[in-house]
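Here is the structure we will look at.
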Amino acid sequence: MGIHKLMSLIDEKAPDAVKEITLDTLTGKKVAIDASMCIYQFLISTQTLKQGFGVTELRDKDGNLTGHLVGILNRTLSLLDHGIKPIWVFDGKAPQLKAGELEERKEKKKEAKEKMDQLMEEGKDDEAAKMAQRSIRVTPEMTEDAKKMLRLCNIPMVEAPSEAEAQCAQMVKDELAFATVTEDMDALTFGTTVLLRGFGNRKDPIRQITLSKVLEGFEMSMDEFIDLCILCGCDYTSSISGIGPVKAFKYITQYKTIEEVLEVLEKENTKSKSATKKRYQIPEEFLYKESRAFFNEPDVTKKEDLEEFKWGTPEEEALTKFLTEEKGFSEVTVNNALKKFKKTKGKANQKRLDTFFKMGTKKSTSKVTKTKAAVKSKGKKSFK
DNA sequence: CACGGCCA
DNA sequence: TGGCCGTGG
């Protein structure tokens with residue numbers, strides 16, 4: 001999932017690219033959130049282990065999972081409370097390149113489910129719980145419920161043509177958002193200038209990773225970085241056995257491209273042929289060129305084809321109806337959420353105004369806003 | 001995921 | 001006061 005062990009490589013080779021921050025430092029900023037990733041995490045974190053009864057989840061009366069709705073609602077409110085404007089980005093059609101990876105995941109989930117059932121029968125509850133986490137599948141219905149809730153909240157939402165992380169990265173490049181919020185490191189490979197991770201654990205600080213500083217620390221160009229990521233192991237092709245993040249880093253540093261690295265590896269293989277078996281197994285279909293092309297030019301919607309983002313107030317009646325009547329939320333919970341929405345209304349703008357005055361003269365700042373707004377939004381103000 | 005309750 | 005646990009949905 002994502003890029004195998006890229007984070008440990010960054011920690012080691014480019015520690016300056018990582019900054020520990022709090023939510024307050026993001027006040028006034030917009031962030032693009034990888035919704036698919038969050039949904040999965042929320043579903044896991046709302047599972048509970050009941051001794052003797054196995055794993056229970058949050059469900060509505062029809063048995064549909066609802067933990068992701070709880071999570072998305074709470075996270076949205078927490079961000080708004082800090083004056084941060086969320087844009088939820090959903091996966092579209094999976095790219096053809098990912099078919100193999102998805103098939104593999106499906107198989108693993110099936111295995112996990114079978115193991116879980118077996119462990120349950122044996123009464124090994126906590127081991128079963130681990131398997132239950134692995135067997136979670138996000139269905140189209142769950143995604144639709146999440147989208148519906150966000151629409152009723154009047155919180156911006158983007159349906160990506162393909163990969164959500166790629167769409168997030170594009171939005172950050174287009175300056176529609178400050179950063180991509182995800183645990184999936186390939187957002188960096190797609191070129192997000194800033195990645196935020198660690199929103200899950202309340203205890204640990206959020207980590208802000210800056211792409212330019214990663215490249216600086218790695219002493220690599222973006223092209224080299226993409227090749228490094230593919231060698232480390234990405235979702236779009238199988239990788240070379242015998243090559244992990246450490247060797248990938250060494251070889252790309254030395255030889256710059258996968259083509260060159262492959263030549264070297266083949267030489268090394270023939271050298272060691274007589275001694276033992278082949279050291280490096282290059283997959284039959286090593287789709288590094290296709291993967292590289294996809295990282296460079298994924299299917300995304302660019303700024304000019306996106307609707308302007310607006311952070312409005314919830315459709316109170318319809319939202320209440322949906323969450324209480326269909327999704328089993330208590331009225332108290334929904335009312336509290338609505339209250340929080342009201343409390344946080346205008347918070348981002350208010351705090352932005354504070355920094356606006358702190359920053360200096362009106363003249364200089366309005367110049368900046370003007371140039372930004374003038375890019376494509378025909379007279380309409382992009383800020384509100 | 002957040003919240004309330006319980007206990008050191 | 002702050003960490004852990006059960007519940008909610």
Side-chain angles (χ1 to χ4, degrees), chain A residues 22-24 26 31-90 125-130 132-150 152-153 155 157 164 181-184 196-207 314 316 318-344 347:
Chain A
T22 60
L23 281 183
D24 301 313
L26 300 171
V31 292
I33 310 177
D34 178 1
S36 316
M37 159 76 48
C38 281
I39 288 177
Y40 184 74
Q41 308 250 110
F42 289 146
L43 288 173
I44 287 174
S45 60
T46 50
Q47 282 185 323
T48 49
L49 173 67
K50 282 197 172 170
Q51 289 297 337
F53 293 91
V55 180
T56 55
E57 305 91 353
L58 303 184
R59 292 179 187 275
D60 65 16
K61 61 181 185 306
D62 302 323
N64 303 304
L65 292 177
T66 50
H68 60 309
L69 300 179
V70 176
I72 291 176
L73 188 64
N74 285 328
R75 174 140 321 160
T76 298
L77 285 167
S78 137
L79 291 172
L80 290 176
D81 189 43
H82 286 86
I84 306 160
K85 302 179 201 174
I87 305 159
W88 291 89
V89 181
F90 289 82
D125 277 23
D126 40 353
E127 284 179 67
K130 276 181 205 156
Q133 293 196 352
R134 285 192 216 166
S135 69
I136 282 190
R137 295 183 313 120
V138 179
T139 66
E141 291 76 22
M142 293 178 206
T143 312
E144 282 316 305
D145 284 343
K147 289 177 185 173
K148 185 172 178 183
M149 184 182 72
L150 287 169
L152 293 173
C153 289
I155 294 297
M157 191 198 74
V181 177
T182 183
E183 301 307 307
D184 221 336
L196 299 168
R197 76 198 308 253
F199 275 61
N201 354 12
R202 221 153 326 157
K203 209 74 195 102
D204 300 329
I206 292 158
R207 308 182 86 198
E316 295 205 7
L319 180 65
T320 308
K321 197 171 164 185
F322 175 58
L323 291 180
T324 59
E325 290 178 21
E326 284 185 52
K327 294 293 140 191
F329 283 54
S330 76
E331 270 181 55
V332 181
T333 306
V334 178
N335 282 336
N336 282 337
L338 289 175
K339 262 186 233 162
K340 280 185 194 164
F341 265 111
K342 281 181 189 138
K343 218 176 86 189
T344 65
K347 204 154 187 167

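Per chain, numbering begins at 1; letters A, B, ... match sequence-line order.
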I need the CZ-P distance between F341(A) and dA2(B), as an integer number of Å. 14 Å

Would you call L23(A) and S78(A) a side-chain contact if the rule is heavy atoms closer than 4.5 Å? yes

Would you kindly give the CH2-to-P distance between W88(A) and dC1(B), to the nearest whole Å? 11 Å

In whole angstroms, the gap separating P of dA2(B) from CZ of F199(A) amounts to 12 Å

Between atom CD1 in I33(A) and atom P in dC1(B), what is the gap in whole Å? 13 Å

Neighbour count above 12 (heavy atom, 6.0 Å) for R59(A) CZ: yes

For a side-chain contact (heavy atoms from CB on, under 4.5 Å) with P86(A), tell me which candidate from L79(A), L150(A), I72(A) qualifies. L79(A)

Once you round it to whole Å, what is the distance between P of dT1(C) and NZ of K203(A)? 15 Å

Could you tell me if the side chain of M149(A) sits less than 4.5 Å from the side chain of L319(A), heavy atoms only? yes

Are Q41(A) and L43(A) packed together at the side-chain level, in the sense that at least one heavy-atom pair is separated by less than 4.5 angstrom? no

Does E144(A) form a salt bridge (charged side-chain N to carboxylate O under 4.0 Å, His left out) with K147(A)? I'd like the steps, not just the answer. CA-CA 5 Å; E144(A) 282 316 305; K147(A) 289 177 185 173; 3.6 Å; yes

For nucleotides 5-8 of chain B, tabulate all protein N/O to nucleotide N/O atom pairs closer than 3.5 Å, reporting atom names and distance.
none

Walk along nucleotides 4-9 of chain C from 5' to 3' and tag each nucleotide B, S or - by protein heavy-atom contact under 4.0 Å, base first, then sugar-phosphate. ---BBB

Taking the side chain as everything from C-beta on, heavy atoms only, tell me whether F341(A) gets closer than 4.5 Å to I155(A). yes

Do any N or O atoms from the side chain of H68(A) and from the backbone of A146(A) form a donor-acceptor pair under 3.5 angstrom? no

